[in-house]
Amino acid sequence: MSELAESNNHIVQSLDGEKKKKKRKRKKSKNANIPVVEDKLEDPEPLAQNKKTKFDNVNVKAEEEFVEPSVVTNTPLKEDTTAEAKLENQKVSPKPKNQKRPRSINKERKDTKNVSYFTDDEDEDVNQEIGPTDWKSLQNRADKLLEIRKTLPVYKSKDKHMEHLIKNKVTVLIGETGSGKSTQIPQFLIPHNKKAIAVTQPRRVAAINLATRVAEEYGSKIGDKVGYSVRFDNKSHKNTKLKYLTDGMLLRELMMKSDLSQYSTIIIDEAHERTILTDLLMGFLKELLLKRQEDKDFKIIIMSATLDAEKFSHFFNDCEILYVEGKMYPVERFYLDTKSEDIIDTTINTVIQINQGEEEGDVLVFLAGQEEIDKACSALQMFSPLLPKEAPIIVPLPLYAALPPAQQMKVFQPVKKNQRKIILATNIAETSLTVPGVRYVIDSGLRKVKVWRHQLGLSTLLTVPISQASATQRSGRAGRERNGKAFRLFTESDYHNLPKQTEPEIIRTDIAHSILMLKKLKVKDIVNWSWIEHPGQDSLFSALNQLYSLKALDDNGDITELGEQMAVLPVSPHLSTVLINAHKLNCLGPVIDIIACLNVENLILNPPSDKRDEINEKRRQICTLGNKYGDLLMFKELLDYFIAINSTGDKKKWCKEFYFNFRGFKNVLQIRDQLTQYMKSLFGADIENNDDDNDYFAPSDDEDLINESEMKSSKRSNNKPLGIESILKSFLQGFVMNSAIGYPDRSYRTVFSGQLISIHPSSLLFGKKCEGIMYTEFVYTTKGYARNVSMIDPEWLKEIAPHILGNREAINDN
DNA sequence: GAGCACTGC
């Protein structure tokens with residue numbers, strides 16, 4: 001994301017915050033809570049001070065992280081190890097000896113974790129359109145902005161760059177953070193393009209913010225000459241000259257109109273992030289170059305922030321590379337002299353040292369996951385009152401995606417003058433969110449990553465070291481507003497042993513969906529396609545196999561009619577199989593509901609530990625079907641409840657009571673509508689609106705699974721009973737490979753590999769004995785856990801999967 | 001009797 005985009009991001013966000021504040025004021029601020037741990041403080045036993053921080057014994061090296069803005073180079077950022085600096089040996093005081101970390105910390109963490117969920121009002125759709133709308137004031141505003149634009153590095157080299165860009169069909173443009181490349185270059189290009197310009201972004205917010213900013217600069221109303229297009233939100237029309245869109249959106253346009261002839265220039269921004277969709281787009285663009293060879297106006301620009309330019313250039317037939325300098329303040333880097341034994345202790349010590357030894361400025365800490373963040377957060381809260389009075393008061397703030405938006409917003413709100421924000425974040429703060437005011441970065445050097453094991457057909461969640469590029473990016477977060485410092489919680493030699501670049505996503509994820517897209521786009525030879533990064537034979541064959549068993553591909557590996565339909569649907573191939581089968585089995589309505597829920601992350605939140613049993617029990621009570629048939633039916637029941645509640649206020653209250661995510665449910669409704677539309681377009685007029693009285697609730701032929709009282713309970717919002725068996729069978733069509741047979745000792749073994757698995761404790765079926773189960777997700781952490789589990793009748797497998805099920809013994813075995 | 005990083009259509 002470019003500097004401007006991000007600063008605009010702040011503007012929008014803080015405006016958003018202002019609106020919220022006002023709204024809250026109007027409501028007489030019913031929520032004056034700040035999650036603090038109070039009780040246990042008389043007997044503090046401050047932790048972390050027992051161990052010496054590795055910085056204590058100094059010998060810490062500092063280096064200049066960033067090249068001076070005036071230096072433009074095509075070699076990797078130089079590491080100037082000559083500039084050695086000593087980190088002042090800050091004494092932490094009071095410093096009791098031999099004190100162990102109190103055992104209560106873990107408990108405390110749980111208790112404070114969700115304290116302020118739902119306390120802030122979650123606004124209804126906030127209209128982000130800001131500023132004037134009449135032509136004259138638009139123009140005035142644009143004129144003012146022009147003065148600022150002229151100070152951007154990229155503006156100064158405008159003519160030189162434009163000459164290259166116009167002359168060449170493909171250009172790789174490297175721009176450091178703050179160069180303004182994402183906002184300026186597309187604008188410069190407008191007069192030189194007969195048709196529209198597309199600029200892709202990996203993230204929705206980035207696309208929206210960039211478009212909003214550029215529209216202002218251009219003196220256009222958003223959605224007119226400058227617009228954007230992201231899922232559920234399109235502010236563009238056929239005369240839009242410059243369109244920012246997510247890379248997923250452009251791929252979708254590619255699938256609908258395969259030569260993208262509506263655009264004369266296509267810009268791929270943030271290419272260095274190497275998301276799976278960006279990589280696919282680059283592959284297609286390379287093919288498009290051949291297809292549109294005669295089209296003199298057609299141009300491609302690849303924009304990237306780091307210096308992996310050669311790879312992109314080489315991929316596009318050694319095209320020219322342009323460099324734009326950035327606007328970045330220097331950041332001093334510090335390393336440990338010995339490895340950290342306990343990353344949380346080291347983190348806390350470092351925070352304290354910064355707090356007592358460094359000038360004002362907030363601290364951003366990068367940790368691997370929620371667990372570490374919550375631990376560190378409550379530890380900091382716990383002895384923050386014990387710190388010397390002269391030092392600023394620390395305000396620890398967690399930041400991760402699973403946190404409700406209201407709580408995430410807290411990192412953007414200013415604190416009092418004598419306070420210092422300590423933001424403890426996951427990777428979300430590396431690219432997705434920019435926190436203003438950060439001057440110090442503490443980097444654990446770790447991140448969590450989901451890795452797909454195609455040999456095993458399952459994913460694992462691992463904590464792994466970051467790359468050098470990632471470390472640079474994290475450190476850079478300290479130098480956005482003025483000089484900063486980055487404290488790396490690893491040694492300098494560790495740093496040099498890190499991989500240079502983060503592994504592209506396509507290497508480590510399940511690519512079945514991508515392969516289906518390629519097939520839909522008529523790619524014959526998948527193995528020799530124009531991959532910028534080849535995912536590897538094994539991964540390809542695993543994906544082809546999956547698609548074959550879902551009947552999306554035929555014996556020749558060609559896409560089937562079913563496959564064509566699946567490719568259009570905006571869900572995984574497994575789930576599109578389910579959708580299409582649900583249509584056949586006449587239970588599409590409830591299946592769409594369930595799939596919409598499955599596609600929203602963090603719909604069901606974890607209650608704090610002291611309320612866990614109580615909340616779980618309450619949830620069980622309202623999910624009678626879920627209790628019996630499993631988590632898929634639970635989603636249907638919950639959504640019915642949510643819809644049936646009349647007022648928004650009551651919906652929110654209900655969500656709060658059960659620890660559900662209100663915004664999540666709203667998102668579910670959007671996805672539900674979209675899926676209904678797609679199914680309508682695929683299968684014609686017989687698909688009715690998903691909203692109310694529809695026909696999908698007709699019972700299937702054999703409903704022996706369901707007794708009368710359940711029939712009654714499932715009628716809640718409809719006149720006809722749910723076809724539970726049909727629903728479950730539809731899902732089984734997509735997830736046959738994820739089925740397991742129950743054994744008398746309550747263990748489960750998968751039908752196809754015989755592997756021992758467990759039902760995740762978050763499932764309603766946890767601890768229950770079922771003859772057979774299926775699940776939509778499997779993650780290996782401490783052991784193999786199935787999530788989103790539903791019961792099945794093992795007999796169904798014979799009916800549904802004879803083509804995969806070689807022998808029946810596997811089933812009859814138990 | 002556990003605990004999942006981040007995106008996207």
Side-chain angles (χ1 to χ4, degrees), chain A residues 106 109-110 113-114 200-207 229-234 245-256 270 273-281 366-375 399-403 425-433 444 446-451 459-464 466 470 502 505 508-509 513-514 516-517 566-573 575-576 596 599-602 604-609 612-613 616 667 670-671 674-675 677-678 746 758-763 766-768 777-787:
Chain A
N106 280 330
R109 164 174 71 87
K110 298 278 183 191
K113 186 163 154 187
N114 295 326
T200 71
Q201 293 292 322
R203 281 170 295 280
R204 290 166 51 95
V205 269
S229 171
V230 300
R231 191 185 192 182
F232 304 132
D233 195 2
N234 179 17
L245 28 61
T246 45
D247 40 25
M249 259 314 194
L250 190 64
L251 270 171
R252 195 147 277 274
E253 291 187 0
L254 194 69
M255 282 211 288
M256 302 303 166
E270 311 285 14
E273 287 192 27
R274 304 300 305 276
T275 69
I276 205 161
L277 298 178
T278 306
D279 273 16
L280 288 177
L281 267 182
F366 284 99
L367 292 167
Q370 186 173 332
E371 195 186 343
E372 294 89 336
I373 288 173
D374 289 337
K375 258 189 204 169
L399 181 64
Y400 43 81
L403 221 51
T426 59
N427 242 358
I428 195 171
E430 194 178 305
T431 47
S432 306
L433 279 176
S444 67
L446 299 169
R447 66 175 179 136
K448 278 198 175 173
V449 64
K450 201 172 187 171
V451 180
S459 47
T460 50
L461 199 71
L462 306 170
T463 300
V464 298
I466 58 172
S470 182
T502 308
E505 193 187 359
R508 38 163 253 262
T509 40
H513 199 176
S514 309
L516 185 58
M517 278 165 87
M566 287 166 63
V568 173
L569 294 165
V571 291
S572 73
L575 287 173
S576 40
N599 273 279
V600 173
E601 291 293 312
N602 306 311
I604 295 173
L605 301 162
N606 297 340
S609 59
R612 194 182 63 189
D613 292 345
N616 280 345
N667 201 5
Q670 281 188 305
I671 296 174
Q674 195 189 40
L675 291 178
Q677 288 307 317
Y678 272 115
R746 288 192 179 182
S758 308
I759 295 179
H760 195 275
S762 65
S763 167
F766 177 75
K768 296 204 169 156
E777 220 185 311
F778 184 86
V779 174
Y780 197 92
T781 50
T782 47
K783 52 179 171 175
Y785 284 106
R787 303 187 77 227

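By convention in this document, chain letters (A, B, ...) are assigned in the order of the sequence lines, proteins followed by strands, and residues within each chain are numbered from 1. Bear in mind that the values here come from a model prediction, so they are computed numbers and not experimental data.
Distance Asp613(A) CG to dA2(B) C1': 13 Å, rounded to the nearest Å. Leu461(A) has its CG atom 13 Å from the C1' atom of dA2(B), to the nearest Å. When the P atom of dC6(B) is taken as reference, atom CG of Leu462(A) falls 16 Å away, rounded to whole Å. If you take NE2 of His513(A) and C1' of dT7(B), they are 14 Å apart, rounded to a whole angstrom. What separates CG of Asn427(A) from C1' of dC6(B) is a distance of 7 Å, to the nearest Å. To the nearest angstrom, C1' of dA5(B) lies 14 Å from CG of Asp374(A). Atom CD1 of Ile466(A) is separated from atom P of dC6(B) by 15 Å (rounded to the nearest Å). Regarding Ile759(A), its CD1 atom lies at a distance of 14 Å from the P atom of dA2(B), rounded to whole Å.
Residue Gln370(A) has no polar side-chain atom (N or O) positioned under 4.0 Å from OP1 or OP2 of dG3(B). Distances shown here put a side-chain N or O of Thr246(A) below 4.0 Å from the OP1 or OP2 atom of dC9(B). An OP1 or OP2 oxygen of dC6(B) is reached within less than 4.0 angstrom by a side-chain nitrogen or oxygen of Thr426(A). Contact check, Ser432(A) against dT7(B): a side-chain N or O comes under 4.0 Å of OP1 or OP2.
Comparing atom distances between the Leu277(A) side chain and each of dC6(B), dA2(B), dG8(B) picks out dG8(B) as nearest. Which of dA5(B), dT7(B), dA2(B) sits closest to the side chain of Pro761(A) comes down to dA2(B). Side-chain proximity of Lys448(A) to dA5(B), dA2(B), dC9(B): nearest is dA5(B). For Arg203(A), the listed nucleotide lying nearest its side chain is dG8(B); candidates were dC4(B), dG8(B), dC9(B).
Phe766(A) comes within 4.0 angstrom of a base, heavy atoms only. Within the nucleic acid shown, Val449(A) has no heavy atom closer than 4.0 Å to any nucleic acid atom. Contact annotation for Arg787(A): base contact, defined as any heavy-atom pair under 4.0 Å involving a base atom. Arg447(A) comes within 4.0 angstrom of no nucleic acid atom, judged by non-hydrogen atoms across all strands. Within 4.0 Å (heavy atoms only), Arg508(A) reaches at least one base atom of the nucleic acid.
The shortest heavy-atom contact between Gln370(A) and Tyr400(A) is CG-CZ, 3.4 Å. Across all non-hydrogen atoms, the minimal contact from Glu273(A) to Thr431(A) is OE2-CG2, 3.8 Å. The heavy-atom pair separating His513(A) from Ser572(A) by the smallest distance is ND1-CA, 4.2 Å.
Taking OG1 of Thr275(A) as the start and CG of Leu281(A) as the end, the distance is 8.0 Å to the nearest 0.5 Å. If you take CG on Asn599(A) and CG on Leu575(A), they are separated by 6.0 Å, rounding to the nearest 0.5 Å.
Taking 4.5 Å as the limit, every side-chain heavy atom of Glu372(A) sits out of range of all side-chain heavy atoms of Ser444(A).
Heavy-atom nearest nucleotides on DNA chain B were determined for Lys450(A) and for Leu569(A), and the one closer to the 5' end corresponds to Lys450(A).
Under 3.5 Å, the side chain of Glu777(A) and the base of dC4(B) form at least one donor-acceptor pair of N or O atoms.
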